Peer 1: 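Before anything else, here's the structure in question.
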2 protein chains.
Amino acid sequence: MRKSEHGARRLEHIETVVREAGIKLTHQRLEIFRELAHTEEHPDAETIFRAVQRRMPTVSLDTVYRTLWMLRDLGLVTTLGLHGDSVRFDVNLHRHHHYVCVRCGAIHDFESMDLNGLHVPESVKELGSVVHAQVEVRGICARCQSVDAPPKKPRAKPGATRAPRAASPRRT
Amino acid sequence: MRKSEHGARRLEHIETVVREAGIKLTHQRLEIFRELAHTEEHPDAETIFRAVQRRMPTVSLDTVYRTLWMLRDLGLVTTLGLHGDSVRFDVNLHRHHHYVCVRCGAIHDFESMDLNGLHVPESVKELGSVVHAQVEVRGICARCQSVDAPPKKPRAKPGATRAPRAASPRRT
DNA sequence: TTCCTAGTTGCGGATAATTCGCAACTAGAC
DNA sequence: GTCTAGTTGCGAATTATCCGCAACTAGGAA
């Protein structure tokens, strides 16, 4: 019962934060929250959509997307991997690590003896074989900190719940 | 001159491996290799395509993709992030790390005091602010090791240069 | 409770990245 | 030079995600 308790707490937290951001708690959002709060997976929008659809046959996939981006903007969920429009390739065969700018998507390699020596815990071996381990550091790159314009592909990804007149929690 | 030397060596390496795999060295492939060998970035297919197109106006984007997947299958390039069709969401707000199965794309969280304490080198600060650092471990998950079938989306991504009768380096 | 409106929703049609089927080529073995 | 398995470019799918819009609803005001 630990799991569902945990889920309940998580759900409560999501609702609180969303409410405090001045965003309306609609049925569909509530259902999506519930689904999210109870998963231990890393679902994609489609998966959540299908799950929610079982209880609420009329939701639209679009709403699921919108809700997820909103939650991401509030810091309640993260997106895995790079915020990806297209696949990026890496030709660097040397052991290295990545710095990813969460705003513009730029990726820089860096090396570090310390990090190369990092010790993957035994427990991971139960999950599967370990081929490769690397560190991913996220932040806002120097360039984005100076200029205030994402240099690449402004495809509604970073920021923006896509709400021209919507939500706007006026995040200070 | 260090850089281009490095590129030259890299190019040579790619050509050698590809040749030894019994794959034909066509003009377009050679150009793509050259482009890749000399980049210090993490380009996407489109970017490489445009670069190659300058020297060889007739290449097709499709060929670029095919070549890249081929190189990935040979281990000469890696794809960044999860091999991503769709965005995956993570509701886990606790500090954690990821185990990613390179075959089926499954992602598992794991925790580790050791890894939480990892020390991001000073040099990274020059790249930008550090918001978050986590470890990504790649391997083949237990499930994929037992059953021999990718449980999810067989969309030509993992493995397969998309070559029904092609290439087949007969990797032993 | 009822009313009112900013914020939302579902829809159907865009976009963009990536893949496919196929007929016309070409590298490289002989 | 010949021959063929392996490749290429093309144009048409696919798929994830987004956008505009008109019909709705949460939640504060009356």
Side-chain angles (χ1 to χ4, degrees), chain A residues 15 18-32 43-50 52-53 56-70 72 79 81-89 152-158 160-170, chain B residues 15 18-32 43-50 52-53 56-70 72 79 81-89 152-158 160-170:
Chain A
E15 289 184 11
V18 170
R19 197 186 337 259
E20 285 180 354
I23 292 173
K24 286 182 184 169
L25 290 176
T26 63
H27 272 299
Q28 21 282 78
R29 282 179 179 164
L30 257 4
E31 288 296 342
I32 294 170
D44 57 8
E46 182 78 28
T47 303
I48 297 167
F49 171 62
R50 278 201 296 273
V52 171
Q53 207 180 27
M56 186 181 242
T58 60
V59 251
S60 77
L61 177 56
D62 202 3
T63 294
V64 172
Y65 271 111
R66 285 186 286 216
T67 302
L68 287 168
W69 298 141
M70 174 205 85
R72 189 203 44 186
T79 51
L82 330 176
H83 57 175
D85 279 342
S86 47
V87 194
R88 304 283 217 93
F89 296 86
K152 283 204 161 187
K153 313 200 183 187
R155 186 185 168 188
K157 274 304 175 43
T161 313
R162 172 188 153 209
R165 87 267 226 208
S168 71
R170 209 167 298 95
Chain B
E15 289 183 11
V18 170
R19 199 189 332 261
E20 285 181 355
I23 292 173
K24 286 181 183 168
L25 289 176
T26 63
H27 270 299
Q28 20 282 81
R29 281 178 180 163
L30 256 6
E31 289 297 342
I32 295 169
D44 56 9
E46 183 78 29
T47 303
I48 296 167
F49 171 61
R50 278 200 296 270
V52 171
Q53 207 179 28
M56 186 183 241
T58 59
V59 249
S60 76
L61 177 56
D62 201 2
T63 294
V64 172
Y65 271 111
R66 285 185 287 214
T67 302
L68 287 169
W69 297 142
M70 174 203 86
R72 189 203 45 188
T79 51
L82 328 176
H83 55 174
D85 280 343
S86 47
V87 194
R88 304 284 216 94
F89 296 87
K152 282 201 162 189
K153 313 198 183 185
R155 187 186 166 187
K157 273 303 176 44
T161 313
R162 169 185 154 213
R165 87 266 229 210
S168 71
R170 209 169 299 94

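Numbers restart at 1 for each chain; the letters A, B, ... are given by sequence-line order, proteins then strands. What you are looking at is a predicted structure, and each value in this text was computed from that prediction instead of being measured.
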Peer 1: Sequence neighbours left out, what passes side-chain hydrogen bond (donor to acceptor under 3.5 Å, both in side chains) with A:Ser60? Give chain and number order.
Peer 2: A:Thr63
Peer 1: Testing B:Ile32, B:Asp44, B:Thr47 one by one against B:Val64 for a side-chain contact (heavy atoms from CB on, under 4.5 Å), which residue passes?
Peer 2: B:Ile32
Peer 1: Going by salt bridge (charged side-chain N to carboxylate O under 4.0 Å, His left out), name the residues that satisfy it together with A:Arg50, two or more places apart in sequence or in a different chain.
Peer 2: A:Glu46
Peer 1: Excluding sequence neighbours, so at least two apart, what forms side-chain hydrogen bond (donor to acceptor under 3.5 Å, both in side chains) with B:Glu31?
Peer 2: B:Arg34
Peer 1: Any N or O donor-acceptor pair under 3.5 Å from the base of C:dG10 to the side chain of A:Arg66?
Peer 2: yes
Peer 1: With a 4.0 Å cutoff (strictly under), does any side-chain N or O of B:Arg29 reach OP1 or OP2 of D:dT7?
Peer 2: yes
Peer 1: Where the side chain of B:Val87 is defined as all heavy atoms beyond and including C-beta, which of D:dT17, D:dC10, C:dG10 is the nearest nucleotide?
Peer 2: D:dT17
Peer 1: Below 3.5 Å between N/O atoms, which protein atoms pair up with nucleotides 26-28 of chain D? Just atom names and distances, please.
Peer 2:
unit_1: D:dA26; atom_1: N3; unit_2: A:Lys24; atom_2: NZ; d: 3.3
unit_1: D:dG27; atom_1: OP1; unit_2: A:Leu25; atom_2: N; d: 3.2

Peer 1: Of the options C:dG10, C:dT18, D:dG9, whose atoms approach the side-chain atoms of A:Thr63 most closely?
Peer 2: C:dG10
Peer 1: Identify the two heavy atoms, one from B:Val59 and one from B:Gln53, that lie closest to each other, and give their separation to 0.1 Å.
Peer 2: CG2-CA, 3.8 Å
Peer 1: Between A:Trp69 and D:dC18, is there a contact of a side-chain N or O with OP1 or OP2 at under 4.0 Å?
Peer 2: yes
Peer 1: Mind grabbing the angle between the end helix axes of the helix from C:dT1-D:dA30 to C:dC30-D:dG1? Five pairs an end, 10° rounding.
Peer 2: 30°
Peer 1: Once you round it to whole Å, what is the distance between P of C:dT19 and CG of B:Asp44?
Peer 2: 13 Å
Peer 1: Assign each of B:Ala45 and A:Gln28 to its nearest nucleotide of DNA chain C by heavy atoms, then name whichever residue's nucleotide is nearer the 5' end.
Peer 2: A:Gln28
Peer 1: Rounded to whole angstrom units, what separation is found between the CG atom of A:Asp62 and the C1' atom of C:dG12?
Peer 2: 11 Å
